[in-house]
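Quick notes on the structure that follows.
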Amino acid sequence: MSAGMIYGAWDFSQDRLIEGEDLKNEIQLDKQQTDVEIQTNTIQHTDEILEFEATNEGNTEHDINSLSIIADGSILDESINEVMVIEYPDSGVWLPGDTVYFNVTIGEEPDNLVLVVDNGLQEFCREW
């Protein structure tokens, strides 16, 4: 009877370990297949509004409501006025090949711009 209990606990823990490894591998694969690019030729700063576009160059989709923007070390999530997929303005999903438009309120033109997607991958832009 004791052996049956020990085996049950061991089997359960092995299943949890395998599930954890699978999830870790899935997250790593997702990050490897993620590639976003800020289109530096679209960056404009006028009247305390920063506008720019970014293209999903990878093979993964992203939730546009889970994107973060960092400018000169400050997180601007509360200052985002508009985020939309250009050809599909009602979509909440950023598919591979699509371009997203960003409109953010910010005082001065930043020197550094970082776009963080939902899986944690970052696109850094310093020169434009």
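This chain uses plain numbering: 1 for the first residue, then up along the sequence.
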Nearest heavy-atom approach of Leu76 to Ala71 is CD1-CB, 3.5 Å

Within the structure provided, determine whether [X] and [Y] are in side-chain contact (heavy-atom separation under 4.5 Å).
X	Y	result
Thr42	Thr99	no
Ile43	Cys125	yes
Leu95	Asn56	no

Please check if the side chain of Asp77 supplies one atom and the backbone of Ile69 the other of a donor-acceptor pair under 3.5 Å.
yes

Using modelled atom types and a 3.5 Å cut-off, is there a donor and acceptor pairing between side-chain atoms of Asp72 and backbone atoms of Asn112?
yes

According to side-chain contact (heavy atoms from CB on, under 4.5 Å), who are the partners of Asp118, at least two apart in sequence or on a separate chain?
His62, Asp63, Ser66

Please identify each residue that fulfils side-chain contact (heavy atoms from CB on, under 4.5 Å) with Gln122, with sequence neighbours left out.
Val114, Val116

Contacts of type salt bridge (Lys or Arg N to Asp or Glu O under 4.0 Å), residue Glu19, not counting sequence neighbours
Arg16

Heavy-atom neighbours of Glu108 CD exceed 12 at 6.0 Å
no

Is the number of heavy atoms from other residues, nucleotides or ligands within 6.0 Å of CD (Glu61) greater than 12?
no

Applying a strict under-4.5 Å side-chain criterion to I, L, V, M, F, W and Y, I'd like to know whether [X] and [Y] cluster together.
X	Y	answer
Ile80	Ile64	yes
Phe124	Val36	no
Ile70	Leu121	no

To the closest 0.5 Å, what do you measure between [atom1] ([X]) and [atom2] ([Y])?
X	Y	atom1	atom2	answer
Asn119	Thr60	CG	OG1	6.0 Å
Phe52	Leu113	CZ	CG	4.5 Å
Glu123	Asp35	CD	CG	7.5 Å
Leu67	Leu115	CG	CG	6.0 Å

For [X], what are the other residues in its hydrophobic cluster, where any two members join if their side-chain heavy atoms are less than 4.5 angstrom apart?
X	result
Ile49	none
Tyr101	Met84, Ile86
Ile18	none

Classify the ring geometry between Phe102 and Trp94 as parallel (under 30°), tilted (30 to 60°) or perpendicular (over 60°).
perpendicular

